[in-house]
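Comments concern the structure below.
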Amino acid sequence: MIYHIRGGRRLEGCVKIGGSKNAVLPILFATLLTRGKSILSGVPEITDVDTVLSLLRAFGAEVRRVAPDVLEIETNNLSYASPCERITRQIRASTYLIGACLGRFGRVEISAFGGCSFCERPIDLHLHAVRAFGGEIRQNEILCKQLYACRVVFPIVSVGATVNGLLLASQVEDESILENVAIEPHVLALVAFLRIAGCRISILHTPRPTFFVRGGRLHGVKMRVIPDMIEAGTYLLSALVTGGRVTVEQIDPTHLSALFSFVRKMGADLTVKERSATIISPARATCADAVCAPYPALPTDLSPVLAAALARYGTGTLRDTVFPKRRSFLTPYHALGANFVESEDGAISFLSPDASHADSVTVPDLRTGAGMVLYALSLNTDTTVYDTQDYILRGYEHFTEKLNALGACVCEETHEHRKENI
Ligand code: EPZ
């Protein structure tokens with residue numbers, strides 16, 4: 001997609017937030033471990049969901065979209081088929097095939113796992129869990145005749161490895177213990193799904209988050225996907241980037257506490273209600289330091305959007321402890337006029353932006369893509385944002401429509417249409 005953006009727009013109005021991408025993807029893979037029909041509502045209309053559904057269908061899952069945001073998935077008669085590498089390389093969540101396929105079929109080929117490549121993304125912790133449960137890792141295949149209850153201690157907190165640990169543990173009747181796990185709302189959404197499906201899972205929060213899981217034969221689940229805290233955070237920050245006033249609706253404010261504290265520190269006026277939040281940008285921002293870390297801290301997935309806000313005001317610092325090298329936003333933001341210095345401890349300090357800038361930029365990954373469109377809205381001239389890989393559509397439903405409903409002026413053009421007109 002190519003985004004033609006008219007600059008100088010303050011975003012104002014209300015936007016409804018959809019279901020969480022990073023919650024629905026592991027849940028969709030978890031349906032492979034159930035027998036029966038699952039009904040999921042609040043499913044976001046994003047291409048990552050379509051990608052996972054095509055992987056599920058290849059195993060024989062029957063998937064019906066009964067409403068734009070409601071999926072029925074029937075998983076009684078499945079059989080293993082090699083996952084198509086062209087599809088697995090499109091998304092990072094294809095790593096969840098490891099837990100789901102080992103649990104259901106006792107085997108899985110490890111092919112290319114894709115996703116945003118803003119920095120190195122190893123899978124050693126996933127494989128650590130696989131071995132603990134009895135998986136045998138061959139060159140590009142993992143096999144297991146039986147999964148065994150075990151205790152897995154993760155040396156660092158990983159969303160993906162925790163998800164795979166949960167998927168594997170859900171297939172074992174005896175108690176497995178997963179220690180130092182990720183407790184992001186999207187991970188707890190998978191816990192909720194597995195509990196409804198028939199697992200017994202208890203959570204110990206201190207000294208470090210631990211799941212105690214007793215699994216077994218799982219049945220279909222009816223549930224609603226939690227709201228997307230990253231989408232909500234992106235629209236809240238859009239008000240800061242463009243100097244506007246935005247209300248996000250259909251959110252779970254408890255997931256956004258760290259962001260609320262941060263934007264207040266920046267000087268924003270914020271009103272939080274039971275299911276919504278309204279932000280009014282300050283005329284001048286106060287210098288504030290953002291540190292992204294595992295939940296409940298500021299999420300790493302908001303770091304590119306936080307950077308867009310800090311860069312527009314030309315103040316504050318940003319550090320990401322989850323992906324310390326996540327900096328793919330710096331080059332395109334600099335092209336759009338942002339100024340910053342990088343210090344040795346990994347912090348980025350933002351300085352006053354330049355008035356002159358490029359009139360076209362290319363999107364390197366999903367969250368930076370969203371940040372770039374917001375940044376371009378705040379400029380005084382028009383900008384073209386080329387998203388040649390359609391990253392933004394992977395994670396933001398109806399992105400252009402939602403922005404335009406807030407008063408933006410963004411026109412989409414497909415690459416095919418552009419080629420036809422050349
Ligand atoms: C998930 O990725 C999300 N993806 C990411 O969102 C998100 O940025 C990330 O969690 C952190 O919150 C999905 O949920 C599909 P990690 P994941 O394992 O699971 C290191 C988006 O834009 N690590 O929690 O891949 C890793 O290098 C995407 O929606 C290992 O060392 O992230 C990182 O430093 C982008 N070995 C840290 O752990 C491993 O085996 C956390 O990564 C796995 C991870």
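All heavy atoms count here, side chains included; hydrogens, waters and symmetry mates do not. Each ligand, and each atom within it, is numbered from 1 in the order the structure gives. Just so it is clear, the structure is predicted and the values come from calculations on it, not from any experiment. We're numbering straight along the sequence, starting at 1.
For the residue pair Thr254 / Asp252, a side-chain donor-acceptor distance below 3.5 Å is found, with atom types taken as modelled. Side-chain atoms of Tyr80 and Glu109 form a donor-acceptor pair, as typed in the model, at a separation below 3.5 Å.
By the neighbour-count criterion of 12 heavy atoms within 6.0 Å, atom NE2 of His398 is densely surrounded, having more than that number from other residues, nucleotides or ligands.
Considering Val373, Ile46, Thr368 in turn, Val373 is the only one that fulfils the side-chain contact (heavy atoms from CB on, under 4.5 Å) rule with Ile392.
Here the side chain of Asp228 pairs a donor or acceptor atom with the backbone of Lys21 at under 3.5 angstrom.
In this structure, Phe399 and Tyr3 have perpendicular ring planes: the angle between them is above 60°, well past the 30° mark.
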Report all N/O contacts between ligand 1 and the protein shorter than 3.5 Å as a table of atom names and distances to 0.1 Å; if there are none, say 'none'.
unit_1, atom_1, unit_2, atom_2, d
ligand 1, 2 (O), Arg121, NH2, 3.1
ligand 1, 6 (O), Asn22, ND2, 3.4
ligand 1, 6 (O), Asp301, OD1, 3.3
ligand 1, 6 (O), Asp301, OD2, 2.7
ligand 1, 8 (O), Asp301, OD1, 2.5
ligand 1, 8 (O), Asp301, OD2, 3.4
ligand 1, 14 (O), Asn22, OD1, 3.3
ligand 1, 18 (O), Ser158, OG, 2.6
ligand 1, 19 (O), Gly160, N, 2.8
ligand 1, 22 (O), Arg367, NE, 2.9
ligand 1, 24 (O), Val159, N, 2.7
ligand 1, 25 (O), Arg92, NE, 3.4
ligand 1, 25 (O), Arg121, NH2, 3.1
ligand 1, 29 (O), Lys21, NZ, 2.9
ligand 1, 29 (O), Asn22, ND2, 3.1
ligand 1, 29 (O), Asp301, OD2, 3.4
ligand 1, 29 (O), Arg367, NH2, 2.8
ligand 1, 34 (O), Val322, O, 2.6
ligand 1, 36 (N), Asp124, OD1, 2.7
ligand 1, 40 (O), Pro122, O, 3.2
ligand 1, 40 (O), Asp124, N, 3.1
ligand 1, 40 (O), Asp124, OD1, 3.2
ligand 1, 40 (O), Leu125, N, 2.8

